[in-house]
Each structure stands twice: as structure tokens, then as C-alpha cells.
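Reading through the C-alpha cells given below for one structure.
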Amino acid sequence: MDTMQTEAGNELFSYWLELKRDGALPQQREFEPARVRHMLPDLFILGKNDAGILSFRLAGTRLCAIFGHELRGRPFACLWHRTQRRHANIGIQAMLARGRPMVTDVTGIAAESVHEYQLVLLPMRSGDSEPDRIIGAILPRQPRNSARLETISCLHAGESRSIGEDNPQIPPDRTRFSRFMRRLLSIEIVDDGLSGRS
């Protein structure tokens, strides 16, 4: 199974690679939204708040719509079950510190159907320091039904893996970290605690 299964995911990852300089992770100020204009409704940016917790700094309008809530200002961990939020925060910060892009297959559960997505996580920097930002996307794996946008009540995560920087179309990375993230993300997203502005 290919690591990146969406055309948009490949495009976003390729742009992220373009922004790398001498092996250093991209800086957020280098990111030009116009380069991925058609993906903006599906994109988000995470950054550390004053307490050092990764939170939504920006969230695309379509993401807010499919969850039925606005996301800006909320911790990334609030997407997960309240009993797992502390572990989710630890896990996403560990991924950021490692500085490796990651994708996770997720299934969105709606009232009348299910929808397959990929969660893409790409580490970035706000300055010359260590990585402290993540640009991410939740991208549909099948053609989107534009006639109806169902509200997703929860997400279930499947395979989680690092992306090879030389080529996104590589076998999954079976590292301990990837296994940890797979266990961490294989929990339900609940619809409480999601709010903010897009």
C-alpha cells in the first residue's frame, strides 16, 4: 500500500519539500497559501500556545464544516476522547520533536455513511528555532460528493506511518514511534470541545 494515497497529499508534501533549506525544516513564513489555494479549506496549522500545547492556529472552512464546529484556538488533543487527551498531546509533540512528516489513514463516521481520509502532518518552524509548527490536512481518499457535506461525529485512525523525504510512495516505516502513534491515534474523535474560528 502506498504511503500517500491522495493526489492532494502528494502535492502538499512536494511543496513542503521545496521549502526545506539545507536539511532544515521549512519556516512557516515561507509558506505561501496561494501555492495550494485549492487545498486551503482542508488545511490546518498547529502551533504551541503559551502553555506549550499544540493548538489550532488556523483551520480550513471545510474542516470546521465537516466536524460541525470551528477549531481555531482549540488544542489538537481536544479532537480525541477526554481520557486520551494528555497522551495525544504527548504523542503529537513527540512527532514534532522528531521532525518527520507523517500520515495516518482515518475513517470519518457520519450519521448515514462513512468517509475515508488521510491525515497529513508536516513539521515546520516559526523562526530559526526547533520545530514548533505543524501544517496538516485531512484529505478525502475518494471523490468528494459536493451535493452534500455530512457532519462527521468521530474519526477512527488506521495505519500511521512516516513519509520518506526522498519519495512519498514508499512502504510504511515500521519504527517504534510509528507503532506508538498508530496505537495513540486509534481512538474515537468525539464531538465535544470543538470550537474556535476559521
Side-chain angles (χ1 to χ4, degrees), residues 1-19 26 28 31-46 54 56-72 74 76 79-80 88 91-92 95-96 100-110 113-124 133-165 167-173 178 181-182 184-189 191 194 196 198:
M1 181 178 292
D2 290 339
T3 295
M4 195 75 76
Q5 296 170 334
T6 63
E7 188 174 322
N10 279 320
E11 183 179 349
L12 182 62
F13 176 70
S14 296
Y15 179 45
W16 180 86
L17 283 179
E18 285 181 30
L19 297 177
Q28 184 183 337
F31 179 75
E32 298 180 12
R35 287 287 304 273
V36 289
R37 186 186 308 276
H38 57 291
M39 279 188 270
L40 293 181
D42 300 310
L43 298 187
F44 60 84
I45 293 178
L46 303 176
L54 281 165
F56 287 94
R57 297 177 65 86
L58 294 171
T61 54
R62 189 153 47 212
L63 290 183
C64 295
I66 65 174
F67 286 111
H69 298 270
E70 296 175 340
L71 299 176
R72 185 176 179 179
R74 291 289 182 170
F76 176 78
L79 297 179
W80 313 103
I92 195 68
M95 172 263 168
L96 184 62
R100 283 291 300 273
M102 193 166 236
V103 295
T104 299
D105 300 327
V106 294
T107 301
I109 308 300
S113 59
V114 296
H115 305 270
E116 301 298 325
Y117 296 92
Q118 278 200 325
L119 170 65
V120 181
L121 300 170
L122 305 172
M124 302 183 80
R133 296 282 192 273
I134 292 173
I135 184 167
I138 299 177
L139 302 168
R141 292 167 61 186
Q142 293 91 27
R144 199 188 306 273
N145 181 2
S146 59
R148 183 180 181 189
L149 188 65
E150 290 188 285
T151 300
I152 292 174
S153 61
C154 66
L155 290 178
H156 292 275
E159 188 74 22
S160 180
R161 52 214 176 266
S162 296
I163 309 172
E165 295 186 14
N167 186 346
Q169 306 295 340
I170 60 171
D173 179 351
S178 182
M181 287 298 292
R182 188 159 57 250
L184 176 68
L185 294 176
S186 294
I187 54 180
E188 289 188 357
I189 289 184
D191 62 1
L194 298 179
S198 61

Measure the [atom1]-[atom2] distance between [X] and [Y] for me, rounded to the nearest 0.5 Å.
X      : Y      : atom1 : atom2 : value
Glu70  : Thr61  : CD    : OG1   : 10.5 Å
Leu119 : Asp105 : CG    : CG    : 9.5 Å
Thr104 : Tyr117 : OG1   : OH    : 15.5 Å
Arg37  : Leu43  : CZ    : CG    : 12.5 Å
Ile135 : Arg57  : CD1   : CZ    : 12.5 Å
Leu122 : Phe31  : CG    : CZ    : 9.5 Å

Closest heavy-atom pair and its distance - [X], [Y]:
X      : Y     : answer
Pro123 : Leu96 : CB-CD1, 3.8 Å
Pro140 : Thr6  : O-CG2, 3.5 Å
Pro101 : Phe13 : CG-CE1, 4.0 Å

Residues forming a side-chain contact (heavy atoms from CB on, under 4.5 Å) with Glu32, sequence neighbours excluded: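 Glu32: side-chain contact (heavy atoms from CB on, under 4.5 Å) contacts with Tyr15, Arg35.
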Answer yes or no: is there a side-chain heavy-atom contact under 4.5 Å between Phe67 and Thr151?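 Of all side-chain heavy-atom pairs linking Thr151 with Phe67, none is under 4.5 Å.
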Looking at side-chain heavy atoms only, is the closest gap between Met124 and Ile45 below 4.5 Å?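 Counting from C-beta outward, Met124 and Ile45 never come under 4.5 Å.
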Apply side-chain contact (heavy atoms from CB on, under 4.5 Å) to Ile134 and Met95, showing your working. CA-CA 10 Å; Ile134 292 173; Met95 172 263 168; 3.8 Å; yes
Would Asp42 and Ile138 count as a side-chain contact (heavy atoms from CB on, under 4.5 Å) here? Give the steps. CA-CA 6 Å; Asp42 300 310; Ile138 299 177; 5.9 Å; no
Leu121 and Phe44: side-chain contact (heavy atoms from CB on, under 4.5 Å), yes or no, with the steps? CA-CA 10 Å; Leu121 300 170; Phe44 60 84; 3.9 Å; yes
My understanding is that only residues two or more places apart in sequence, or in another chain, count here; which of them pass salt bridge (charged side-chain N to carboxylate O under 4.0 Å, His left out) with Glu11?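 Salt bridge (charged side-chain N to carboxylate O under 4.0 Å, His left out) list for Glu11, sorted by chain: empty.
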